[in-house]
Amino acid sequence: MIDADTGKTVYTGKPEKRESQDSCTDEIGYGDFSQVELPGKYYIEAPLLGDSYSFQIADNLYDDVLKEAVKQYYYNRCGITLTEEFAGSRAHNACHTGHALLREDMSVSMDVSGGWHQDENGSKDVVRAAENISVMLLAYELFGDAFSDDMELPESRNGIPDLLDEIRYETDWLLKMQKEETGAVYAKVTVPASTQGKPSAVYVEPPSMEAAEGFAMCLARFSYLYQDYDREYAMTCLKAAERAFKYALVNQTDDAQDSWRFAAAAELYRASGQQECRYYLEKYLEEELKNEQEQEGDLPCFLGSVTYLMTRRTVNREYCSECIARLLQRAETLSAQMKKEPFYVQANEDQTNHSELLQKMLWMATVNYIITNHEYETIIENHLHYFMGRNKLSISYIDDVGIRNYKDYNESLGIMNQFDADSRLIFMLGEIISNYE
């Protein structure tokens, strides 16, 4: 192991060969140089193979990565000017500040400025917003020490963690999407691609049941966590969530179990103690826990279950025990799979399944919070190292990290520039940093 600045050898050792892995025919060796603790830039020199790319050893190595991951949402703010002071080369003037047309009635327009762009055109979907807000709020709730009030946002150093400041910018937009008189929530703001350089009209899509339920879920969660900073605003969010949930219940067309409604009920029960919500969420759990096969990838079901486990209100202990057992079983299954894989990461051959891997780490990190398992923590860290360049292609998929960065090969492979993947990255970074605090 060579110090990149001085050229001096700081450590000598031999790699250990791993047994064959399920999805890799290459020979993979591992070297342990954990005895080297002095901060600096290093590389590995190996006979026949040559030199590795350089890497860093440092304290608080991931803090700047987390800061940049959170700032991705700031860069996507709609409706305001982003200044060079905070956005650098991504600064731009205010966009989409005009009113949008209702798809249901083109003679009516409304103000839906604000929030985060979700694609290159600037469209904004309520359900996607709700999913990602809820993931980041869970990260804050579990790993709050990782999120500072100094992430170089306009709101920094105001006494409120910057992650919550950023999310509030999105909840301000969500509140605009609700119909005051009914509680219904418009589904999305659609911005078609511009034609011949001219901006296209912006449209507000009709309300949907899923939008109302997702809206209720994330605003109730935000209200619960934000009340210590601004009780009046938190109450505004809670009342809006209650109206949306009531709309969903009144207008449901059948008795089918709905994971979005379940997640909304769990959040509202914790935030306000409504017994109607408790009845609904326990009815859902009663049916869901009868199924031997859980619905893998059902994010609202996962979020609702975790909230149910964390609430301080009266709960069914049997249901809690079964929820925990399922979480643990899933984590054990993932752990067993990962240990068979090269780099301890179950990646596909072309290394493009980042969202799938991040979703698995969302699950794993949550379980690790519940039981604190060294093996799980190692798996989570291995995934971060994989994303940062310790992979078969030696490419970093995270902005401004690594000698070989995705930007030099394929812009679409970056994790931070993917609206949904970035929130999961924030979650994983929060978990890892909090364990180093």
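All residue numbers in this chain count up from 1 along the given sequence.
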Do the side chains of [Y] and [X] get nearer than 4.5 Å, heavy atoms only?
{"X": "R128", "Y": "K188", "answer": "no"}
{"X": "L238", "Y": "L268", "answer": "yes"}
{"X": "E377", "Y": "I432", "answer": "yes"}
{"X": "M136", "Y": "E170", "answer": "no"}
{"X": "M361", "Y": "I379", "answer": "yes"}

Distance from [X] atom [atom1] to [Y] atom [atom2], nearest 0.5 Å?
{"X": "Y280", "Y": "F245", "atom1": "OH", "atom2": "CZ", "answer": "7.5 Å"}
{"X": "I403", "Y": "Y53", "atom1": "CD1", "atom2": "OH", "answer": "9.0 Å"}
{"X": "N368", "Y": "W363", "atom1": "CG", "atom2": "CH2", "answer": "15.0 Å"}
{"X": "D149", "Y": "D162", "atom1": "CG", "atom2": "CG", "answer": "5.0 Å"}
{"X": "M209", "Y": "W260", "atom1": "CE", "atom2": "CH2", "answer": "14.5 Å"}
{"X": "I133", "Y": "L219", "atom1": "CD1", "atom2": "CG", "answer": "7.0 Å"}

Tell me if a side-chain donor or acceptor on [X] pairs with a main-chain N or O of [Y] at a distance below 3.5 Å.
{"X": "S259", "Y": "C301", "result": "no"}
{"X": "E131", "Y": "L299", "result": "no"}
{"X": "D125", "Y": "V127", "result": "yes"}
{"X": "S396", "Y": "N405", "result": "no"}
{"X": "N353", "Y": "L357", "result": "no"}
{"X": "Q351", "Y": "K392", "result": "yes"}
{"X": "K124", "Y": "V112", "result": "yes"}
{"X": "Q252", "Y": "L249", "result": "yes"}
{"X": "Q418", "Y": "S355", "result": "no"}

Which pair of non-hydrogen atoms, one from [X] and one from [Y], has the smallest distance, and what is that distance?
{"X": "Y308", "Y": "C320", "answer": "CE2-SG, 3.7 Å"}
{"X": "D111", "Y": "K176", "answer": "OD2-NZ, 3.2 Å"}
{"X": "A266", "Y": "L281", "answer": "CA-CD2, 3.5 Å"}
{"X": "S134", "Y": "M217", "answer": "OG-CE, 3.2 Å"}
{"X": "V185", "Y": "A244", "answer": "CG2-CB, 4.1 Å"}
{"X": "A69", "Y": "L429", "answer": "CB-CD1, 4.4 Å"}

**Request:** Using the test salt bridge (Lys or Arg N to Asp or Glu O under 4.0 Å), find all partners of R270 that sit at least two apart in sequence or belong to another chain.
**Result:**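 For R270, the residues satisfying salt bridge (Lys or Arg N to Asp or Glu O under 4.0 Å) (neighbours in sequence not counted) are E141, E267.
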Could you pull out every donor-acceptor pair under 3.5 Å between side chains of residues 70-80 and any protein atom, sequence neighbours left out?
residue	atom	partner	partner atom	Å
K71	NZ	F86	O	2.6
K71	NZ	E152	O	3.2
Q72	OE1	R90	NH1	3.1
Q72	NE2	E68	O	3.3
Q72	NE2	E68	OE2	3.3
Y73	OH	F419	O	2.7
Y73	OH	S423	N	3.1
Y75	OH	E68	OE2	3.2
N76	ND2	Q72	O	3.1
R77	NE	E166	OE1	3.3
R77	NE	E166	OE2	3.0
R77	NH1	E155	OE2	3.1
R77	NH2	E155	OE1	3.1
R77	NH2	E155	OE2	3.2
R77	NH2	E166	OE1	2.9

**Request:** Report yes or no: is the cationic atom of R168 (NZ for Lys, CZ for Arg) closer than 6.0 Å to the six-membered ring centre of Y226, at no more than 45° off its axis?
**Result:** no
Please tell me whether [X] and [Y] have a donor and an acceptor in their side chains that are separated by less than 3.5 angstrom.
{"X": "S434", "Y": "Y369", "value": "no"}
{"X": "D172", "Y": "Y233", "value": "yes"}
{"X": "S34", "Y": "D32", "value": "yes"}
{"X": "S148", "Y": "D150", "value": "no"}
{"X": "S223", "Y": "K239", "value": "no"}
{"X": "R404", "Y": "Y409", "value": "yes"}
{"X": "N435", "Y": "E431", "value": "yes"}
{"X": "Y376", "Y": "E332", "value": "yes"}

**Message:** Show, in sequence, the C-alpha distance, side-chain angles and deciding distance for K339 and E375, and conclude whether the salt bridge (Lys or Arg N to Asp or Glu O under 4.0 Å) test is met.
**Reply:** CA-CA 10 Å; K339 286 190 289 188; E375 183 177 280; 3.5 Å; yes
**Request:** Determine, stepwise, if the pair M416 / V65 fulfils side-chain contact (heavy atoms from CB on, under 4.5 Å).
**Result:** CA-CA 10 Å; M416 287 183 180; V65 181; 3.8 Å; yes
**Request:** Determine whether more than 12 heavy atoms belonging to other residues, nucleotides or ligands lie under 6.0 Å from atom NZ of K407.
**Result:** yes
**Prompt:** Is it true that atom CD of E84 has more than 12 heavy atoms of other residues, nucleotides or ligands lying nearer than 6.0 Å?
**Reply:**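 For E84, atom CD is not crowded (no more than 12 foreign heavy atoms under 6.0 Å).
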**Message:** With side-chain contact (heavy atoms from CB on, under 4.5 Å) as the criterion, how do I398 and L384 come out once you've worked through the C-alpha distance, each side chain's angles and the decisive distance to 0.1 Å?
**Reply:** CA-CA 10 Å; I398 294 178; L384 181 58; 4.1 Å; yes
**Prompt:** How are the rings of Y386 and F343 set to each other: parallel, tilted or perpendicular (split at 30° and 60°)?
**Reply:**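 Correct class here is tilted.
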**Request:** Check the angle between the aromatic planes of H354 and F387 and answer parallel, tilted or perpendicular using the 30° and 60° thresholds.
**Result:**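 Geometry flag for F387 against H354: perpendicular rings.
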**Message:** Determine whether I433 and L66 satisfy the following criterion, side-chain contact (heavy atoms from CB on, under 4.5 Å), listing intermediate values before the conclusion.
**Reply:** CA-CA 9 Å; I433 291 172; L66 176 61; 3.7 Å; yes
**Request:** Establish, yes or no, whether a centroid distance under 6.0 Å links the rings of F215 and Y247.
**Result:** no
**Request:** Assess the pair F427 and F143: is the distance between their ring centroids shorter than 6.0 Å?
**Result:**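 They qualify: ring centres under 6.0 Å apart.
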**Message:** Before you tell me yes or no, could you show the steps for E356 and K360 under salt bridge (Lys or Arg N to Asp or Glu O under 4.0 Å), namely the whole-Å CA-CA distance, both residues' side-chain angles and the distance that decides it to 0.1 Å?
**Reply:** CA-CA 6 Å; E356 177 186 339; K360 290 178 178 178; 3.4 Å; yes
**Request:** Starting from the C-alpha separation in whole Å, work towards a yes-or-no answer on salt bridge (Lys or Arg N to Asp or Glu O under 4.0 Å) for R261 and D258.
**Result:** CA-CA 5 Å; R261 202 170 303 149; D258 184 330; 3.4 Å; yes
**Item:** Step-by-step side chain to side chain donor-acceptor pair (under 3.5 Å) determination, Y186 to R103
**Value:** CA-CA 10 Å; Y186 292 105; R103 186 76 74 175; over 6 Å; no
**Message:** Is there a side-chain contact (heavy atoms from CB on, under 4.5 Å) between I426 and D422? Walk through the geometry before answering.
**Reply:** CA-CA 6 Å; I426 288 170; D422 190 44; 4.0 Å; yes
